[in-house]
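Input: a single structure, listed below in structure tokens.
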Amino acid sequence: MILSFGSFLNIRWQPIFSQHCFLLLFGSLLVNVYRNVWPLATYSRAPADTSDGPLIWVELVLLTFVAVIIPLSSPRQYKPIDPKKPTPEVNPEQTASLLSLAVYAFLDPLLFLAARLPHLGHDKLFPLADYDYSKNITKKGFPHLDVFQGARKGHIFFGLMRTYRYEYTTLATLVIIQVVASFFSPVAIRMILDYLETGGHNAKIKPWFWILCLFIGPMTISLARQWYIFVATRMLVQTEGLLTQLIFEHSLRLRMKAEASDRPDQPTNGSTTRKADNLVGKINNLVTTDTTNIVDARDFLFVVLYYPLQIILCIVFLYQVLGPSSFIGLAVILALAPIPVFMAKLIQHVQRERMKMTDSRVQAVTETCNVLRMVKLFGWESEMQERIAVRRTDEVKWLWKRKVYDMIVETVNFLIPALTMLATYAAYTIIWKEKLSGASIFVNQLRRGLKNTQAAKVFSSMSVLALLRVSLQASFQLLSTCVEGKVSLDRLTEFMQNTELLDFLRPSSDSTVASDFENRPPPGAIGFCDAQFVWSKDSIGDAQAYTLRIDGELLFKQGGINLIVGPTGSGKTSLLMALLGEMHLLPARPNCWYGLPRENGIAYAAQESWVQNDTIRGNILFGSQYDEERYKAVLHQCALERDLELFEAGDMTEVGEKGLSLSGGQKARITLARAVYSSAQILLLDDILAALDVHTSIWIVERCLTGHLVKGRTIILVTHNIALTGHLSNFVVSMNSDGTIVSQGTDVSVAISKNLKLASELQVSEESERIVEATGNDKEISSPPNGVPTGKLVMAEEIQQGHVTWKAMKLFFSSLSGNHPILFFMTFCLGSLLIDLSTMAQTYFVGYWGSQYVEHDPDEVNPFFYIGGFSLLLVALVSAHLFTCLFYLHGNVRSSVSIHKQLIIAILGTTFRWLDETPISRIITRCTQDIRAVDGPIPQLTAVLTEFTLSMLSKVAVIVFFSPVFFIPAILVAIIGGCIGNFYLKAQLSVKREVSTAKAPVLAHFGAAIAGLTSIRAYGAQDAFKQESLKRIDFYTRAARVSWNLNRWMAVRIDILGTAFTTSLAAYLVYGSTTNPTGVGFSLSLAAEFCTMVLYWVRIFNHLEVQANSLERIQAYLESEQEPKPKEGGVPPAAWPTSGHLSVENLSARYSKNGPNVLHNISFEVKSGERIGVVGRTGSGKSSLMLSLLQCIVVEGDVFYDGINTKNVNLGTLRSKITIIPQIPELLSGTLRRNLDPFEQHDDATLNDALRASGLFSLQTEDDEKRLTLDSQISSGGSNLSVGQRQILALARAMVRESKLLILDEATSAIDYKTDTIIQQSLRHELGKDVTIITVAHRLQTIMDADRILVLDAGNIVEYDSPAALLAKTAGTFKSMVDESSDREHLYSMVQRG
């Protein structure tokens, strides 16, 4: 009636009213149970309400149904976190009943669906619950973690505790419940054995109650543990997303290159001794390894609460059984406790050093992946592999130390409880002169004179000592995990608090805020006043560090075009970076300031174009609304219409990672189009014309920079091309090589007159102002196999189906066992078997010792003999353990080195096409996340699984020997457990693969954002990137949450099965067996242990198979398409090549095995020492020809280089004998010397000669402290140099290599005209007479003095002759190109002079 009355209440009060009623009814049920059920479990009481007859049981059933079953099975009401924004699709977890939640029955539909499908896709998974959405998690956590959102400045750990304070309160409660419930079984076993020993004499409680406790205790532990894990893993996944987003958002504030040797785009670099801090590698490690370590340490409550509490209760229980001797055991524990604590400190140090080595390796892998095409073009694969291997070796040394320390801790963990048992029993029998024959001291006082009572004492105390052993071992093992987590938390805290941020992005509480906020610029002003800038705070006071100085006031003209001009390396880009706030302000005078109004938006086009892995349209819109008219105007003004026609999918074509499907010119124009399309009032354009041919440059200047889309907007343009852009300028800033302003004003002629270098540049550049385009995009676009213009370039990561393949497991096993797999596994199994037999022998020996007090006179029993025997068994056990562990650890390290080496070789040896289709983030994930699994979880789980298997087999043998009746039930449990595990695994493997696949996009977004950090901040697009990051984290979280919940589904069912088995066994032994109490105790303990091991075996097997997904992904990379490997017959004579003679016969080429040909049976010959120019329209095959000469794509036909067919030469050797200089060169981190001569084959004189010949010394003077020298540090990719400086160094590197064949792909586009002239002269005079030069021309002027010119069209040679001969041909293709030029006479005159 009361419940029905509640249905008439307001919907808001109904839940509260129902809960109140259920509590009242549940209270009534408890009273009823106490009055009428509990008396049935005793020998002395009777039910209180017997006068009611059968009605008391009807009442009990109804109360149980109403107060327990209905509340537990009723679905819960969905309560959104934000009532205004409920989720459109509710996760069943949020509405499942309490019973369904407790046993995870709400997952059943998903498991049945997985059983029917070959693969359970991401779209089939449950939607995210409200509380799992990243936006809600960050809203909850950032106020405690991020100082920019009000968090206190302190250790990240305390911020996480404040964030999850309610969750950890729940976890602490569940921990206490588990501790208390863990003693139900030992107490129940003691009371059952006591009942059997005494025949029920003086028993107060019936044995069925203790049998029921054998069920209730483990089930309480199971439900509490599974609920604990449910809350903890939900928190784990949320924390992963929370920390990833925290690191991401903090990275958006970093002065990214502050941690490197110097800063990108810095005009000059002095030599420096400051070591780079591997920041990019560190960030990658933070979001992968460190985040994993932190969430793995989530169970620290077990160390600080569960295990200490359990150990205390163990001692109390032992005191009840063994009296004061238990304190001797406690003293042993306390005496030996400092050893694992000391080891934990050592492990912390080792872990910290290991993570530094991991940072270094990840940095090397990341850098190698970023310049992988250059590495392959130069034939440096083996050297780069060796470089990574050296860092891996350093990492593995610390890994070995860590594993050895873990082994020592594990041994100590085993010794402490064993010595505790030994000391306790020794004290009990020797000091207190007691016998291992009474049920307990307490029992002895009640039942003196009873015989055959050794079982209760021995087996109950041993069960508690076993519990103590497990607690100590687990606590110290978990302590090791917590140490890893602490090290990673320390690293994260250091990253969050000690990395250098941009000046204007500091928290208001930071007292070190630069004074540029104190001296506000005039409203709306764009410029500087008495300001000095450096790239990093660490550069302050360093005489060799670059400093940008602006004396007086520099104000850019608003609403017009402002030019920043100066020679290469003068600091033009630095001026833009300072304006954007990317440099650190040094207040030169009290009134210094700099200003860039951001209210109306900023747009920035970087010199080194940055594009996202998105469609061309997506890159141009960059989050803006699509306006078709404006969009088409931008395409026209930025000369992109012709390019889009070449792509079958048009502007919906994916550009690939780092824009790999685009030419340098296309990327530059897309970057410009992004800036022009934006609504920003201020446009900062950094040398946008450098990567463009003159014809396109003229188009951009005449149609874009003077077009209606930029009219009235403020443009600040860095350029070398004064001749082309000078007439547009409303304001000109001229810079000197030392980073100072030479002049500023509206007159270009004044700027030129005050800068001699500029004057010489202008003189050279005027000659080439109107030279016609010779080529456009030179990327060949191949249609997809099915001919459908999808625009997709990057392939989706393939997801395996079904169980982990044997091939993947064989990869690990063969690496683990080395050259003698049978011997290795036999030795390991034998060692593990010895360990297990020794452990069982200890158990049996203690029981045997106790039995001697019954079979002999107690005075005849020599305790020293049995203590000695126990000690010998202990020594044997420890010896076997140490030998087996060291033996296995050796294999573990061997597998870590071998698999990593194979992976790196596969990545370095793959094809260019595979690199086009595979994002770098996936490769880095293989080398971080998956290698971490190979280093740790996989070998660990394999060892545990092997030990469990052997232990189970030995226990089955013992059980069958002592109690054959247990054999069939034990096998039945194993079969049922296997079936449950297999059903679970079908779903879990699919979900786990989705988890792994969903992780890579998070890292890819991270990498893309860091690469384009300056552009993102300039556009103010941080919020958009944060939202995209949250979206990708949600995608990952959706799969991860389901994965962890599936683990709980399986675990609960396995626990129920095991508990039911043990309880049934106990009931049989008590009521249906005549076995003596000693046999019952021994058999029951072994059977329960066996049952537990079966369940854990299933869990570990499943966990291993899930972790082995990493092996699958690594195996897939090992099987990726590979270039031909070196062979003995592919080594040419040592002196080869002696000349640059080249002969090409019937050469055809395509980008993939099944793709269309892009070159068609072309043949030509180049004599040694000739200079060949290659021209052709867009898509004619110029780049394809260059790549085919280096065997970078699939080729047919013959190429003879100095008389030897290149198809018969090893690729590494061939590419090391040919040098190609791409338009955007890439450099390695390290010294300049290392970039020119990575393998130390030349002396400094040779290297300096190459620098001089390349034109570097024309940019700097001998007395310049900041000049580039051989000892100057170069950042990864050469990011701390301007593009022009990188091109110069790339030319110098080519000269050092002394190749007989040199290929130039517009290698001087970003160099000022004077330096370009010097370089061209060097190429003509500094190289040997037998060096052949092939130049892919973007400007006709570049190749007009060539010996011969090769004209390509649609992959065919249409003309090949000297310039004079080609110009003499009537209606010739080359002649028409020259005749169409407005500078026709100048080009003809060049040929005549030649």
Side-chain angles (χ1 to χ4, degrees), residues 91 93-94 96 98 101-104 106-107 128-129 131-132 134 136-137 140-141 144-145 156-179 181-182 220-244 290-310 471 474-475 477-486 488-489 937 988 991-992 995 1036-1052 1054-1055 1096 1099-1100 1102-1103 1106-1107:
N91 188 317
E93 180 185 307
Q94 295 178 277
L98 293 176
L101 270 180
V103 297
Y104 300 89
F106 66 90
L107 290 170
L128 274 181
Y131 41 73
D132 286 328
S134 300
N136 294 326
I137 299 169
K140 169 185 173 183
H144 305 294
L145 298 171
I156 290 290
F157 171 79
F158 299 107
L160 287 172
M161 288 302 98
R162 285 189 288 271
T163 301
Y164 294 111
R165 55 192 179 277
Y166 299 118
E167 285 84 351
Y168 269 102
T169 301
T170 303
L171 294 182
T173 305
L174 292 168
V175 160
I176 294 171
I177 291 173
Q178 289 182 67
V179 172
S182 65
T220 303
I221 294 173
S222 175
L223 292 175
R225 181 173 64 241
Q226 299 313 325
W227 189 253
Y228 172 97
I229 296 173
F230 172 76
V231 175
T233 51
R234 183 177 66 192
M235 193 168 60
L236 174 154
V237 176
Q238 292 177 356
T239 304
E240 274 189 306
L242 180 66
L243 295 182
T244 300
D290 285 303
T291 301
T292 303
N293 288 344
I294 290 169
V295 297
D296 282 350
R298 65 193 176 278
D299 294 328
F300 71 91
L301 276 180
F302 275 73
V303 175
V304 300
L305 183 61
Y306 181 91
Y307 295 123
L309 191 57
Q310 193 172 62
S471 296
S475 64
Q477 286 172 358
L478 189 57
L479 183 63
S480 175
T481 302
C482 291
V483 166
E484 283 188 22
K486 182 184 180 302
S488 292
L489 277 170
Q988 180 64 291
V991 175
K992 195 65 179 179
V995 171
Y1036 165 76
T1037 302
R1038 181 179 178 183
R1041 284 283 283 115
V1042 172
S1043 174
W1044 285 108
N1045 284 346
L1046 285 173
N1047 287 345
R1048 306 282 61 73
W1049 181 93
M1050 194 270 295
V1052 165
I1054 292 291
D1055 281 344
Y1096 273 106
R1099 288 184 190 174
I1100 292 167
N1102 293 340
H1103 191 29
V1106 166
Q1107 288 290 335

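Numbering of residues begins at 1 and proceeds along the displayed sequence.
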Whether the Asp299 and Tyr228 side chains hold a donor-acceptor pair (N or O, under 3.5 Å, no angle test) is what I'd like checked.
yes
Side chains of Phe106 and Gln94, heavy atoms from C-beta outward: is any pair under 4.5 Å?
no
One should read off an interatomic distance between Gln178 CD and Trp227 CH2, to the nearest 0.5 angstrom, of 13.5 Å
Ser222 meets the side chain to side chain donor-acceptor pair (under 3.5 Å) criterion, sequence neighbours left out, with Asp1055
Between the main-chain N or O of Thr292 and the side-chain N or O of Glu240, is there a donor-acceptor pair closer than 3.5 Å?
no
Check: Do side-chain atoms of Thr239 reach the backbone of Met235 as a donor and acceptor pair under 3.5 angstrom?
Finding: yes
Applying side-chain contact (heavy atoms from CB on, under 4.5 Å), run through His144 and Arg165 and close with a yes or a no.
CA-CA 11 Å; His144 305 294; Arg165 55 192 179 277; 3.7 Å; yes
Closest non-hydrogen atoms of Leu301 and Ala172, given as atom of the first, atom of the second and distance, are CD1-N, 3.8 Å
In this structure, CG of Asn136 is separated from CG of Leu242 (nearest 0.5 Å) by 12.0 Å
So CZ of Phe300 and CG of Leu305: to nearest 0.5 Å the spacing works out to 10.0 Å
Note to self: Are Leu243 and Leu160 packed together at the side-chain level, in the sense that at least one heavy-atom pair is separated by less than 4.5 angstrom?
What the structure shows: yes
**Asked** Is Gln988 close to Asn1047 at the side-chain level, that is, under 4.5 Å between some pair of heavy atoms?
**Response** yes
So, do Met1050 and Tyr104 sit near enough that their side-chain heavy atoms are less than 4.5 Å apart? no
**Asked** Considering only heavy atoms from C-beta outward, does the side chain of Leu479 approach that of Tyr307 to under 4.5 Å?
**Response** no
Result for side-chain contact (heavy atoms from CB on, under 4.5 Å) between Arg1041 and one of Val237, Val995, Asn91, Leu236 points to Val237
Rounded to the nearest 0.5 Å, the OH atom of Tyr306 sits from the CG atom of Leu174 at a distance of 12.0 Å
*asked:* Is the shortest side-chain heavy-atom distance between Ile229 and Gln226 below 4.5 Å?
replied: yes
- Item | Check: Ile294 and Ile156 side chains under 4.5 Å, non-hydrogen atoms | no
Looking only at heavy atoms, the pair that brings Thr1037 and Asp132 closest together is CG2-O, 3.9 Å
Handout entry: Side-chain ion pair, Arg1048 and Glu93, N-O less than 4.0 Å
Key = no
**Item:** Side-chain touch Leu478/Cys482, heavy atoms, less than 4.5 angstrom
**Value:** yes
Correct closest heavy-atom pair for Ala297 and Gly485 would be CB-CA, 3.8 Å
dist Ile176:CD1 -> Leu171:CG (nearest 0.5 Å) comes out at 11.5 Å
What one should report as the nearest heavy-atom pair of Ala102 and Leu223 is O-CD2, 4.0 Å
When rounded to the nearest 0.5 Å, the distance separating NZ of Lys140 from OH of Tyr166 is 9.5 Å
Heavy atoms of Ser488 and Asp290 approach each other most closely as OG-OD1, 2.6 Å
**Message:** Using a 6.0 Å distance limit plus a 45 degree cone around the ring axis, check whether Arg234 lies over the aromatic ring of Tyr131.
**Reply:** yes
